[in-house]
Participant: 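Here it is: the structure, laid out below.
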Amino acid sequence: MSEFEKIKQGDDSFVAHTYGRFPVAIKEGKGAVCRDFDGKEYVDFSSGIGVNSLGFCDEGWIRAVIEQLGTLQHISNLYYTEPCVSAAKLLCERTGMKKVFFSNSGAESNEGAIKCARKYSYDQYGEGRNKVVTLVNSFHGRTVTTLAATGQEVFHRYFYPFTEGFVFVPANDLSALEQALDGSVCAVMMELIQGEGGVMPLEAEFVQKAADLCKEKDVLLIVDEVQTGVGRTGKLFAFQHFGIEPDIVTTAKGIGGGLPLGCVLFGEKTESVFGPGDHATTFGGNPVATKGAEYILHKLDDEFLSQVTEKGEYMRQRIEKMPHVQGIDGMGLMLGVRLEEGMKSADVVKLGIEKGVLLLTAKAKVRLLPPLAVTYEEIDRGLDAMEAALKEV
């Protein structure tokens, strides 16, 4: 029995069957390239779904994490730790936000944002102003509450009753949004690029006018940057492309670089909403995870982020010339490739594995989330494999 077969058999026997896995077991990786147990190499254009912002096994990140592991791996939030403070300071300085709450995932960050919005409204206006408006086709997580906030019917199955208090309006429909803000709403929550919904960027005019509308009505604007945050779009956060000032920003994935870490960033209106006991998590602000985040944030300086934009443009230009490609959506190194009608993105992903590249789907599109530190050599190698898959599909 091969090593892969042993691993697969063990997974079948002992791991809950909640994932539709591809028939590959990854053993090791460096940069944007990983290997399976047979030694076959793959260029990873998925980054663990946007997590490995610096690729596999970045040496500086490893040193930072190991040094912290040998110093203090965990202490409860009843005490202060330096890495938690340093990472929070960097986030605030580079975004204009005022305070940070560290969680462990994107869904938890979005839960925290929803709780904060409802408490803000309760503190200011009392009961009855607690609804959150989200967008059709959005995705905000897999807890019962964040599923309720997700504007896709396919996720609204099996787990009833869902948390109440969510209203959906179509993306880019300002009239529908204005109508929804009827006095019962405490917040509007949106992804600026709908990731799981198909890599669908929002229109800049809609985002700016929605922000103005929220400010006018004292409705909090929550921007979900779980997938778009931490350099993915060529800015540290996607909202910085739009010239808006959110009241709350959530993120996760790339901030941890491979360790579980999420954040809720609070603006001026919301920085003091939570007091002691209002919100908490045992592992939040873990010193090892936040030390890794501190390293990533230092690495993602302006020069690095400009290279993310340049690499994304380079990839666009190559992909546009590939067979069956109808267009490309997204920003920076978050790209969604539109295929000819009738083609299945999952078929391209499966063929990509055969050719040596790891891709993702986003509904009908092929989604690419390469490591932000991917080299041009790795880009070319991965795109060659992708093109070979598209020629065969």
Side-chain angles (χ1 to χ4, degrees), residues 20-36 38-56 193-201 227-228 231-234 254 306-393:
R21 301 195 202 276
F22 292 106
V24 179
I26 301 300
K27 180 182 180 182
E28 59 191 3
K30 187 71 176 174
V33 178
C34 57
R35 296 170 194 83
D36 65 20
D38 294 323
K40 181 177 176 179
E41 292 190 340
Y42 307 85
V43 178
D44 182 17
F45 280 174
S46 74
S47 303
I49 316 185
V51 168
N52 296 332
S53 40
L54 301 180
F56 296 108
I193 304 174
Q194 295 182 332
E196 303 300 322
V199 192
M200 302 290 289
Q227 194 163 146
T228 56
R232 177 56 54 188
T233 66
S306 70
Q307 290 173 9
V308 169
T309 300
E310 290 165 11
K311 289 171 186 175
E313 186 56 34
Y314 178 81
M315 293 183 72
R316 278 176 180 270
Q317 290 174 9
R318 276 209 57 186
I319 295 167
E320 283 170 352
K321 298 172 185 174
M322 292 183 185
H324 309 300
V325 172
Q326 297 294 291
I328 304 167
D329 299 307
M331 292 180 182
L333 287 173
M334 181 177 182
L335 302 174
V337 180
R338 283 178 267 130
L339 303 173
E340 290 174 356
E341 192 171 347
M343 291 186 65
K344 294 181 179 178
S345 55
D347 292 340
V348 178
V349 172
K350 287 174 187 174
L351 272 170
I353 292 171
E354 291 180 21
K355 304 298 180 184
V357 63
L358 304 183
L359 304 164
L360 296 163
T361 63
K363 293 196 169 180
K365 293 177 186 172
V366 175
R367 178 173 35 155
L368 290 83
L369 301 172
L372 305 182
V374 66
T375 67
Y376 281 96
E377 182 183 355
E378 291 165 337
I379 288 172
D380 284 335
R381 183 176 167 188
L383 291 181
D384 287 345
M386 179 178 166
E387 186 168 16
L390 283 165
K391 285 178 178 176
E392 248 184 61
V393 71

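One-based numbering along the sequence shown. Predicted model only: the values in this text are computed from it and were never measured.
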Participant: In Å, rounded to the nearest 0.5 Å, how long is the span from CZ of Phe45 to CG of Leu360?
Facilitator: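 Reported to 0.5 Å precision, the distance equals 11.5 Å.
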
Participant: Taking C-beta and beyond as the side chain, do Arg381 and Asp384 meet within less than 4.5 Å on heavy atoms?
Facilitator: no

Participant: Between atom CD of Glu392 and atom NZ of Lys355, what is the distance when rounded to the nearest 0.5 Å?
Facilitator: 3.5 Å

Participant: For the side chain of Lys27 and the backbone of Arg35, is there at least one donor-acceptor N/O pair under 3.5 Å apart?
Facilitator: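 Such a contact is absent between Lys27 side chain and Arg35 backbone.
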
Participant: Decide yes or no for Arg232 and Leu333: does some side-chain heavy atom of the first lie under 4.5 Å from some side-chain heavy atom of the second?
Facilitator: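 Arg232 vs Leu333: side chains touch.
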
Participant: I need the minimum non-hydrogen distance between Val357 and Tyr42, along with the two atoms involved.
Facilitator: N-CD2, 4.4 Å

Participant: Show me the donor-acceptor pairs, under 3.5 Å and distance only, between side chains in residues 366-376 and residues at least two apart or in other chains.
Facilitator:
| from | atom 1 | to | atom 2 | distance (Å) |
| --- | --- | --- | --- | --- |
| Arg367 | NE | Thr361 | O | 3.2 |
| Arg367 | NH1 | Glu196 | OE2 | 3.0 |
| Arg367 | NH1 | Gln227 | OE1 | 2.9 |
| Arg367 | NH2 | Glu196 | OE1 | 3.3 |
| Arg367 | NH2 | Thr361 | O | 2.9 |
| Thr375 | OG1 | Glu378 | N | 3.0 |
| Thr375 | OG1 | Glu378 | OE1 | 3.3 |

Participant: How long is the span from the CE atom in Met334 to the CD1 atom in Ile193, to the nearest 0.5 Å?
Facilitator: 5.0 Å

Participant: For the CD atom on Glu41, are there more than 12 heavy atoms of other groups (residues, nucleotides or ligands in this structure) within a distance under 6.0 Å?
Facilitator: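 Above 12, so yes.
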
Participant: By the ring pair (Phe, Tyr, Trp, His ring centres under 6.0 Å) test, which pairs, at least two apart or in different chains, include something from residues 338-373?
Facilitator: none

Participant: Can I get a per-line list of side-chain donor-acceptor pairs under 3.5 Å for residues 335-343, giving both atom names and the distance, sequence neighbours left out?
Facilitator:
| from | atom 1 | to | atom 2 | distance (Å) |
| --- | --- | --- | --- | --- |
| Arg338 | NE | Asp329 | OD2 | 2.9 |
| Arg338 | NH2 | Asp329 | OD1 | 3.3 |
| Glu340 | OE1 | His324 | ND1 | 3.1 |

Participant: Is the backbone N or O of Phe22 less than 3.5 Å from a side-chain atom of Lys350, with the two atoms forming a donor-acceptor pair by type?
Facilitator: no

Participant: With ring pair (Phe, Tyr, Trp, His ring centres under 6.0 Å) as the rule and sequence neighbours excluded, what pairs involving residues 326-363 come up?
Facilitator: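 As it turns out, there is no ring pair (Phe, Tyr, Trp, His ring centres under 6.0 Å) pair with a partner in residues 326-363 once direct neighbours are skipped.
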
Participant: Looking only at atom types and distance, does a side-chain atom of Asp36 sit under 3.5 Å from a main-chain N or O of Asp38, one as donor and one as acceptor?
Facilitator: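 The answer is yes, because a donor-acceptor pair under 3.5 Å joins these two groups.
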
Participant: Kindly give the heavy-atom pair with the smallest separation between Cys34 and Phe56, and that separation in Å.
Facilitator: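 That closest heavy-atom pairing would be CB-CE1, 3.6 Å.
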
Participant: Any donor and acceptor pair, going by atom type alone, linking the side chain of Arg316 with main-chain N or O of Ile328 inside 3.5 Å?
Facilitator: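 Checking the backbone N and O of Ile328 against the side chain of Arg316, a donor-acceptor pair under 3.5 Å is found.
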
Participant: Using the ring pair (Phe, Tyr, Trp, His ring centres under 6.0 Å) rule, collect all pairs that involve residues 342-374, keeping only residues at least two apart or in two chains.
Facilitator: none

Participant: Is Lys391 atom NZ crowded by more than 12 heavy atoms from other residues, nucleotides or ligands, each under 6.0 Å away?
Facilitator: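 Counting neighbours around NZ of Lys391, 12 or fewer heavy atoms of other residues, nucleotides or ligands fall under 6.0 Å, so no.
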
Participant: Is Ser345 reaching over with its side chain to a backbone N or O of Lys363, donor-acceptor style, under 3.5 angstrom?
Facilitator: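 Yes; at least one donor-acceptor contact below 3.5 Å.
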
Participant: Kindly compute the distance separating CG (Leu383) from CE (Met315), expressed to the nearest 0.5 Å.
Facilitator: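 Leu383 CG to Met315 CE: 4.5 Å, rounded to 0.5 Å.
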
Participant: Are Lys321 and Glu387 close enough for a salt bridge, meaning some N to O gap below 4.0 Å?
Facilitator: no

Participant: Of the non-hydrogen atoms in Ser53 and Gly254, which two are nearest, and what is the gap between them?
Facilitator: OG-O, 2.9 Å

Participant: List in chain and number order the residues that pass salt bridge (charged side-chain N to carboxylate O under 4.0 Å, His left out) with Glu310, two or more places apart in sequence or in another chain; answer none if no residue qualifies.
Facilitator: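 Residues passing salt bridge (charged side-chain N to carboxylate O under 4.0 Å, His left out) with Glu310: none at all.
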
Participant: Between Lys40 and Ile353, what is the shortest heavy-atom contact and its length?
Facilitator: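 Reported closest heavy-atom pair: NZ-O, 3.1 Å.
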
